[in-house]
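What you see is a predicted model; the values in this text were computed from it and never measured.
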Amino acid sequence: MAGSYDDRDGYIWLDGKMVDWRDANVHILTHAMHYASSVFEGERAYNGKIFKSREHSERLKRSAQMIDFEVPWTVDEIEAAKVEVLAASGLQDAYVRAIAWRGAGEAKMKGARLDISKWKRPSPETIPSHAKAAGLYMICTMSKHAAEAKGCSDAMMFDYRGYVAEATGANIFFVKDGEVHTPDPDCFLNGITRQTVVGML
């Protein structure tokens, strides 16, 4: 099966429907692409039977819950979908990829009441902390949703050392005794707006 993954014969089960492989598309603003809000399973089928299939489907559901979204299909429905895809594609020995993601769009800020996130910004030795990369925003999304559930509009995140770092999608400034203070961005993104404000001080 050489060649591009988007130009192949076959079928994909998408949102409850069997779709031709080339027509299985998602919106460009899907949260998964922008903020890495997706979970997946990599499964192997041998002689038409997926190895430990149900365990994979159960883990898919659990993984989604861990990053704060619900897969809208039951384990039984996911199981049936995988069987349907194999049959429609005429495959016996295959790699099966089950993937679920958070959809397009997210709530806008309505204020400045902050929760304290249980997640910390990781050490720069573990991630490319100065890149504005989708994968770095997964814990931000989870923190924001947890804050909103408490009636807050966002969450303040500490860094791996326990110091104030940033909000989930913005740098933080404090004013004390007429002076503006902001954390040193040594393990999180030095935002363009932050740089602009610092340049005005």
Side-chain angles (χ1 to χ4, degrees), residues 14-16 25-41 59-74 98-201:
L14 178 65
D15 288 340
N25 299 308
V26 296
H27 196 277
I28 190 67
L29 293 180
T30 180
H31 207 277
M33 186 173 79
H34 292 268
Y35 301 105
S37 297
S38 65
V39 294
F40 73 95
E41 292 292 328
R59 186 171 63 183
L60 182 76
K61 296 272 291 182
R62 288 196 306 273
S63 294
Q65 291 168 353
M66 288 178 192
I67 66 167
D68 197 31
F69 76 93
E70 288 289 333
V71 175
W73 312 102
T74 67
I99 182 168
W101 60 90
R102 188 177 279 113
E106 63 178 341
K108 300 294 182 185
M109 288 185 62
K110 298 179 181 178
R113 186 178 177 199
L114 299 180
D115 185 27
I116 302 296
S117 172
K118 73 174 184 178
W119 302 101
K120 294 183 177 180
R121 300 309 301 162
S123 163
E125 297 174 339
T126 63
I127 59 169
S129 57
H130 295 101
K132 195 170 180 72
L136 306 183
Y137 282 82
M138 182 177 68
I139 58 175
C140 298
T141 298
M142 295 166 64
S143 299
K144 182 176 178 69
H145 287 183
E148 290 175 336
K150 295 178 181 178
C152 299
S153 59
D154 203 353
M156 182 168 65
M157 305 184 77
F158 294 153
D159 66 19
Y160 65 101
R161 298 161 297 201
Y163 297 130
V164 171
E166 59 179 347
T168 64
N171 294 124
I172 289 179
F173 289 84
F174 300 94
V175 178
K176 183 177 180 181
D177 298 328
E179 291 187 346
V180 178
H181 303 267
T182 185
D184 183 13
D186 61 353
C187 65
F188 56 89
L189 187 70
N190 184 11
I192 293 174
T193 301
R194 180 189 182 281
Q195 295 175 50
T196 303
V197 173
V198 168
M200 296 168 59
L201 298 177

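- In this structure the side chain of Thr141 never reaches within 4.5 angstrom of the side chain of Thr168, judged on heavy atoms.
- Without hydrogens or angle criteria, Asn171 side chain to Gly191 main chain gives a donor-acceptor distance under 3.5 Å.
- Considering SG of Cys152 and NZ of Lys144, their distance stands at 10.5 Å, rounded to 0.5 Å.
- Atom CD1 of Ile28 sits about 6.0 Å away from atom NE2 of His34, to the nearest 0.5 Å.
- With a 6.0 Å radius and a threshold of 12 heavy atoms from other residues, nucleotides or ligands, Leu201 has its CG atom above the threshold.
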I would like to know whether Arg161 and Cys187 meet side chain to side chain contact (heavy atoms under 4.5 Å, CB included); could you show each step before the answer?
CA-CA 10 Å; Arg161 298 161 297 201; Cys187 65; 4.0 Å; yes

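- Nearest heavy-atom pair across Thr30 and Trp101 is OG1-CD1, 3.1 Å.
- Distance check: Cys140 SG to Tyr35 OH gives 9.5 Å after rounding to the nearest 0.5 Å.
- Counting heavy atoms from C-beta on, the side chains of Lys118 and Ser143 never come closer than 4.5 Å.
- Ala167 and Met157 get closest at one heavy-atom pair: O-SD, 4.3 Å.
- A heavy-atom distance below 4.5 Å is not found between the side chains of Val39 and Met66.
- Other residues, nucleotides and ligands place more than 12 heavy atoms under 6.0 Å from the CZ atom of Phe173.
- Between Val175 and Val180 the shortest heavy-atom distance is CG2-CG2, 4.2 Å.
- Between the CD1 atom of Ile99 and the OG atom of Ser63 there is a distance of 11.5 Å, given to the nearest 0.5 Å.
- Under the 4.5 Å side-chain criterion, counting only non-hydrogen atoms from C-beta, Phe174 is in contact with Val164.
- Looking only at side-chain heavy atoms (C-beta outward), Ser117 and Met156 stay at 4.5 Å or farther from each other.
- Minimum heavy-atom separation, Pro124 to Asp186: CG-O, 3.8 Å.
- Between the CD atom in Glu70 and the CZ atom in Arg102 there is a gap of 10.5 Å [rounded to 0.5 Å].
- Nearest approach of Ser123 to Tyr160, heavy atoms of both residues: CA-CD2, 3.5 Å.
- Listed by chain and number, the residues in a salt bridge (charged side-chain N to carboxylate O under 4.0 Å, His left out) with Lys132 amount to none (sequence neighbours excluded).
- Counting heavy atoms from C-beta outward, Ile139 and Lys120 have side chains that stay 4.5 Å or more apart.
- The two residues Met138 and Ala36 have their closest heavy-atom pair at SD-O, 4.1 Å.
- Rounded to the nearest 0.5 angstrom, Glu166 CD and Asp154 CG are separated by 10.0 Å.
- Across Tyr163, Phe158, Phe188, a single residue satisfies side chain to side chain contact (heavy atoms under 4.5 Å, CB included) together with Pro183, and that is Phe188.
- In this structure, Gln195 and Val198 have side chains that are not in contact, with every pair of non-hydrogen atoms separated by 4.5 Å or more.
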Salt bridge (Lys or Arg N to Asp or Glu O under 4.0 Å) for Asp115 and Lys150? Distances and angles first, verdict last.
CA-CA 8 Å; Asp115 185 27; Lys150 295 178 181 178; 3.2 Å; yes

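- Taking 4.5 Å as the limit, some side-chain heavy atom of Met142 sits within range of a side-chain heavy atom of Trp119.
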